[in-house]
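Chain letters run A, B, ... following the sequence lines, proteins first, then strands; residues in each count from 1. Quick caveat, the model's predicted, so the values are computed rather than measured.
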There are 2 protein chains.
Amino acid sequence: MRTQNTGQTQNAGIHDDSGTPDPLDDKTFARICRALGHPARVKIIRHLLAVDSCICGRIVEILPLAQSTVSQHLKILKESGLVEGTVDGPRSCYCVNRELFEAFRKTMEDFTESDQDHGKQ
Amino acid sequence: MRTQNTGQTQNAGIHDDSGTPDPLDDKTFARICRALGHPARVKIIRHLLAVDSCICGRIVEILPLAQSTVSQHLKILKESGLVEGTVDGPRSCYCVNRELFEAFRKTMEDFTESDQDHGKQ
DNA sequence: ATCGTTTATCGTATATATACGATAAATAAA
DNA sequence: TTTATTTATCGTATATATACGATAAACGAT
């Protein structure tokens, strides 16, 4: 069982030794929002958070979409960094990158807490 | 000063008498994520949360984009329901719908707290 | 080695997003 | 009333997203 390439361009949100995750810059935050910007992908994330990890085929069963379409949605989620996939035999197993998910959530919290600079557009 | 039509199709997330906002269904949640799925729009939301309300022209000054493009981004934010606009003379004044923003945030919190049903896709 | 299972990718059609300049519409100011 | 200011909308070009069926690729099972 080996880890797949995520294809994501940044790796923001990984916490340092402070215990809390670093806030995401606007571009990274927007990238994750965009990944969550489709009902099917929201359902996928919700399911993965609930069951911890899940193979592609199970997600295909849950959604009213063709296998190829689900695979495409999973690819978008992987590219955002929010989801990670591992190959296990002929199967693909997916799970949420909880560290990044927490960083995302924390960034939202900070939206109303402070008014810092958050990187170039 | 009159309120503009938002163009949004749903009005989810408005709390009942329980004190906490209702969680958003997947479609509504995705709609808001999509609205936040561009760095310029993240910047706009961040700014509006910081200054409470702001006219279009000021946002145009802040972003490295043409006025028409900023207006388009503001329209997308309005259509999501996350931002509301009022016309004041020749100006347009924008602010965040904080109730919906809180509902959005609360929905994210619930992602790891429970495993409820969240409406049809 | 062949076959079945699982999943990614390709090809494709259609729709939506993103950017800009030009222009219209609304109002304040002169 | 004319002019300036402000902002939305139109037109347009290009890019990305979304959906599907078909097919390839990887692997386990026989």
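- Under 4.0 angstrom from either OP1 or OP2 of D:dA19 there lies at least one side-chain N or O belonging to A:His73.
- Straight-line distance from the NZ atom of B:Lys75 to the P atom of D:dT6: 22 Å, rounded to whole Å.
- B:Leu82 and B:Ile55 are assigned to two separate hydrophobic clusters, defined by single-linkage of ILVMFWY side chains at heavy-atom distances under 4.5 Å.
- Straight-line distance from the CD1 atom of A:Ile55 to the C1' atom of D:dG28: 14 Å, rounded to whole Å.
- Atom C1' of nucleotide D:dT16 and atom CZ of A:Arg31 are separated by 16 Å, given to the nearest angstrom.
- The interatomic distance linking B:Arg91 (CZ) with D:dT5 (C1') rounds to 8 Å, in whole Å.
- Taking every side-chain heavy atom of B:Arg41 into account, C:dT18 is the closest of D:dA19, C:dT18, D:dA22.
- You'll find that the side chain of A:Gln72 is closest to D:dT18, out of D:dT6, D:dA8, D:dT18.
- Atom CG of A:Leu65 is separated from atom P of D:dT18 by 11 Å (rounded to the nearest Å).
- A salt bridge links B:Arg98 with B:Asp52: the distance from a Lys NZ or Arg NE/NH1/NH2 to an Asp or Glu carboxylate oxygen falls below 4.0 Å.
- Minimum atom distance to the side chain of A:Gln67 is reached by C:dT7, of the listed C:dT5, D:dC20, C:dT7.
- Note on A:Tyr94: every side-chain N or O is 4.0 Å or more away from OP1 and OP2 of C:dT6.
- Taking 4.0 angstrom as the limit, B:Thr69 places a side-chain polar atom (N or O) nearer than this to OP1 or OP2 of C:dC20.
- Ring centers of A:Phe104 and B:Phe111: at least 6.0 Å apart, outside the cut-off.
- Close to C:dA8, at under 4.0 Å from its OP1 or OP2, lies a side-chain N or O of A:Ser92.
- As judged by a 4.0 angstrom heavy-atom cut-off over every strand, B:Arg58 is placed among residues making no nucleic acid contact.
- Classification of the A:His38-A:His73 ring pair by plane angle, with boundaries at 30° and 60°, yields tilted.
- Per the geometry, CD1 belonging to A:Ile59 stands 9 Å off P belonging to C:dA8, to the nearest Å.
- Residue A:Arg34 places at least one side-chain N or O closer than 4.0 Å to OP1 or OP2 of C:dT18.
- Across the protein-nucleic acid pair, B:Ile76 atom CD1 and C:dA15 atom C1' stand 14 Å apart, rounded to whole Å.
- Between A:Ala66 and B:Gly57, the residue whose closest nucleotide on DNA chain D is further toward the 5' end is B:Gly57.
- Between B:Arg105 and B:Glu102, at least one side-chain N (NZ, or NE/NH1/NH2) sits under 4.0 Å from a carboxylate O, which counts as a salt bridge.
- The side chain of A:Ser68 lies closest to D:dA22 when the candidates are D:dA19, D:dT6, D:dA22.
- When rounded to the nearest whole Å, the span between CG of A:Leu74 and P of C:dA8 equals 7 Å.
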